[in-house]
Amino acid sequence: MAGRTVNVLNVAEKPSVAKSVATILSRNQGLRVREGRSRYNKIFEFNYAIRGQPCHMLFTSVIGHLMELEFEERYRKWLSCDPADLYHAPVHKFVPEDKKDIKRTLEEEARRCQWLVLWLDCDREGENIAFEVVEVCTTVNRHLNVKRARFSALIDREIHQSVQNLVEPNKWFADAVDARQEIDLRIGASFTRFQTMLMKDSFIIESGTDDRNLVLSYGPCQFPTLGFIVERYWEIQAHEPEEFWSINCSHKSDEGIASFSWMRGHLFDYTCAVIIYEMCVQEPTATVAKVRQQEKLKYPPHPLNTIELEKRASRYFRMSSEQTMKVAEELYQAGFISYPRTETDSFSSRTDLHAIVQEQQAHPDWGAYAQRLLDPGASLWRNPSNGGHDDKAHPPIHPTKFSIGESRWSQDHRKLYELVVRHFLACVSQPAVGAETIVEIDIAGELFSASGRVILAKNYLDVYRFESWGGSMIPTYTVGQQFIPTTLTLDSGVTRPPPLLSEADLLSCMDKEGIGTDATMHDHIKKLLDRFYATKDANTRFTPTNLGEALVMGYDDMGYKLWKPYLRAVMERDMKEVSEGNKTKAVFLASSLQQMKACFLDARLNKAKLLEAMAIFFERSNRSGSNEIHTAGEVVVVRPCGLCQESDMVLKQNRDGNFMVGCLGFPQCRNAVWLPRSVSEATVTTNICTSCSPGPVYLIQFKFRQLEIPPNYNVNHLGCIGGCDEILTQLSEICGTGPRVPARGRGSTAPPGNAHQTNMRQAVCTYCQETGHFSNDCPSHISGSRNAQRHGMNQRTGEASISCNTCGTPCILRTANTSNNRGRKFYTCPSQECNFFVWEDSLNNSAGGGSVTRSNSIRASNTSRNGGRGRGSRNGPHPASVTFVSATGDPVSGRRCFVCGDPSHFANVCPNRGA
DNA sequence: GCAAGGTC
């Protein structure tokens, strides 16, 4: 159907694509360039034949979306309408001022063309932009023949194939985006106006910004992002440290030292751990059960996409995702790296990977590595792995131009270019190879293992300096070999809360839940900082501000999961339905907006929840004299923190009204003393306690609620939280302390209307029973080893009624704090030598004979037989060799039950063992 | 003064 030459207007999504495609199609022959109305969007001209039809091709571009969506004028002013009206207020698309010149170029060129070919990116947004271009062009030329070019990479064959097989634009794809835009706008604008006006009227909000500019925005991406941060923060607060025990063993020989860890990991039940430990100590000979040697590979990363670039730049350089994208964009604009906004993490088989490596051979730092890669004799090359993502539009991020660093580059430019190059070189390299040895030993039926690793070939790790693979040597062992452990200890530990979310963690959460796109995730993160919803520390970890926490808490109290990723997930599913033609845009819009409007109206009805949550952190603006004792920001120091020894401990009142004295170093330091629930008022005085340390410990004037304390206690009390105050201790025990209900944590299904808790659990040491620290931080400890612990006398319950059967020292009565036995009392010997332990309730149980002497304590001493006093000092090294002796000083030989002393069985099967 | 999505 060859005939008269037709003029074809071709439009790409960005200038770089217009240039690339024009260059490919023209084969760089007769390609002319001229200026358009917009300085960024050139117009390329050349001749081409589409299916035999001679064409004069004009190739230009837009810069992403050409149009924006906006409410009609009369709804634009914040006070012009009820925010609820924004769910049905008319909206229209328009070309914003900064895109007008692009529009004019399109109009001018479209007038003289017969065909319009759309070269927008082949995703939903691209299809939507295509329809924006169609609207602009067909408005001035109704006779345009509109076609779509589908291409998945800027590669010659693909582009030529694409132009010879033009298709129709996909309206369903564009519709899905239209609907998303409209829903985002209506939800965002309505909630933002509502909550901003509500809060600004009600509270004094310090946000570091001018009150006039304070906007409390709500958005379907920014709020779930904030939700991730708050949820983690709550998880940390709700964490209840739990003590656990593990048995550890080391063995030193001429070849070095091996640390064996218990293959059970750890136990939360102290008694069980002691019983097993005792079995080990009775028969301490270790027998090597298994020696496994295997080759281990550490693979290089997948090719680099945007999210990985952001995560790695954050991890390796602590660069913010926003800065990373800004620098990457500049490197891309200057031609040094490929397009930085890509989901793709696998290279097309058509990419000339060798050519990219070749370019890097001259680099002073990694040039030699690039040369080795290209040397077939070095066998370093490996085809890159496939990460499983492909946006069909862009390749993984890789270097496109060699540079030893340009003079105008900042440090960040240098770092990011280096990361892109090294990552690429790593991708085409062999994995690192290590030889791993795992040794398993058996002590009295318990298994322990130790491992060592030798790196045989670093391979990709030679160039990818950001990753490492630790190696450690252990002595050689053979199966059946026997030895006496150098140390065998029962150690305690405590479970720790997870850390605050890092930027890399946050990006992972967003990626996993589909919040934002690779090109926008960093924007959402930045928005949270700009809105003062969250802060980021030097380690790139995020903490919600009071404002951020209050907003999430308020909506959560209403029972709405507006701060969860579900809303976005549902919208994403609906968008997919629309883009596949299974649901119309009208149906999606109507149902979604109806639901959201109902949610909005309900939220507004329940605004008291939002106000309540805000009132926890902020002062009411319409009340001058708050009757609350401690408002946000007020800091009243009670004492220096003895745990972290860095910060002060201050008096605080939690959301539930309970008082506590907590460390300002929270959440890094979790030292806290909860005060009795019956306290109605607490004021720090200038009086200083004469006995508690570290001081000064300021006395607090308490007022108790009369009805909540026994009649023999005074309503007013000047007390000390340092541990010396019997009255405070007694009232804490009688009235209880701290939160009344568990704090919300991940997946909490707490019904709306719950009182809120911070639940910074009261720290109570299970050894000395003092508040303010856990047993692993107990000052009474001499070392972390259970075998060498000295227990402080319990001030409250120190009245020992029984004595240790080994040393005769009066025992202390303590309270178990493990999940299985919480609240149960037991006796232990305060001596560091004895491992005496007995449940209080078992003493009254006649089945066990009622005698504590049935317990067979064990001690470990060094060979000098000095009674063990020479070992276990806080910093002292372990002795070179240790033999185990029984309580009587005889070498341990026979097996005896720890509970009843019977040599016929072990304690774990003892018929007399307590529950 | 609101959203999220493109991109110079």
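Within every chain, numbering begins at 1; the chains are lettered A, B, ... in the order of the sequence lines, protein sequences first and strands thereafter. Note: hydrogens, waters and symmetry copies are ignored here, and every other heavy atom, side chains too, is used. Being a predicted model, the structure only gives us computed values, none of them experimental.
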By the 4.0 Å heavy-atom rule, please label [X] as base, sugar-phosphate, or nothing.
X	answer
A:Arg39	nothing
A:Gly516	sugar-phosphate
A:Phe194	nothing
A:Glu132	nothing
A:Leu69	base
A:Thr196	base
A:Arg124	nothing
A:Asp121	sugar-phosphate
A:Glu13	sugar-phosphate
A:Lys200	base
A:Phe191	nothing
A:Pro83	nothing

Below 4.0 angstrom from OP1 or OP2 of [N], is there any side-chain N or O of [X]?
X	N	result
A:Arg568	B:dG5	yes
A:Arg193	B:dA3	no
A:His524	B:dA3	no
A:Ser217	B:dG1	no
A:Arg341	B:dC8	yes
A:Arg180	B:dA3	no
A:Thr517	B:dG6	yes

Handout entry: Passing candidate, side-chain contact (heavy atoms from CB on, under 4.5 Å) with A:Asn41, options A:Val11, A:Leu106, A:Ile63
Key =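 Among A:Val11, A:Leu106, A:Ile63, the one that satisfies the side-chain contact (heavy atoms from CB on, under 4.5 Å) with A:Asn41 is A:Ile63.
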Exercise for the section: Map A:Phe223 and A:Leu79 onto DNA chain B by nearest heavy atom, then report which one ends up closer to the 5' terminus. Expected result: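 Here A:Leu79 is the residue nearer the 5' end.
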Practice task
Please figure out whether A:Pro15 or A:Thr520 has its closest DNA chain B nucleotide nearer the 5' end.
Solution key: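 Mapping each residue to its closest nucleotide by heavy atoms, the 5'-most match is A:Thr520.
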For [X] and [Y], I'd like to know if the aromatic rings sit close, meaning centre-to-centre distance below 6.0 Å.
X	Y	result
A:His413	A:Phe336	no
A:Phe44	A:Phe59	no
A:Tyr218	A:Phe223	yes
A:Phe194	A:Trp78	no
A:Phe173	A:Phe131	no

Output the rounded distance in Å from [atom1] ([X]) to [atom2] ([N]).
X	N	atom1	atom2	answer
A:Asn128	B:dA4	CG	C1'	12 Å
A:Met67	B:dG6	CE	P	18 Å
A:Met596	B:dA4	CE	P	12 Å
A:His65	B:dC8	NE2	P	14 Å
A:Glu127	B:dG6	CD	C1'	14 Å
A:Phe131	B:dG6	CZ	P	18 Å
A:Glu125	B:dA4	CD	P	13 Å
A:Lys100	B:dC8	NZ	C1'	18 Å

Practice task
Kindly confirm whether the side-chain ring of A:Tyr218 is stacked on the base of B:dA3, judged by centres under 5.5 Å and planes under 30°.
Solution key: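 Stack criterion not met.
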Closest to side chain of [X], choosing from [options]:
X	options	value
A:Tyr339	B:dT7, B:dC2, B:dG6	B:dT7
A:Asp184	B:dC2, B:dA4, B:dG6	B:dA4
A:Lys99	B:dA3, B:dC2, B:dG6	B:dG6
A:Thr192	B:dC8, B:dA3, B:dG5	B:dA3
A:Val215	B:dA4, B:dC8, B:dC2	B:dC2
A:Lys14	B:dC8, B:dC2, B:dA4	B:dC8
A:Gln222	B:dC8, B:dG5, B:dA3	B:dA3

Practice task
Please evaluate the base of B:dC2 for a donor-acceptor partner in the side chain of A:Glu70 within a cut-off of under 3.5 Å?
Solution key: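 Result: at least one qualifying N/O pair found.
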Exercise for the section: Looking only at non-hydrogen atoms, find the nearest pair between A:Arg37 and A:Thr105 and report the distance. Expected result: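 The answer is N-OG1, 2.9 Å.
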Exercise for the section: Taking the six-membered ring of A:Phe94 (Phe, Tyr or Trp), confirm whether the NZ or CZ of A:Lys99 is under 6.0 Å from its centre and within 45° of its axis. Expected result: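 No - A:Lys99 does not lie over the ring of A:Phe94 by the 6.0 Å and 45° rule.
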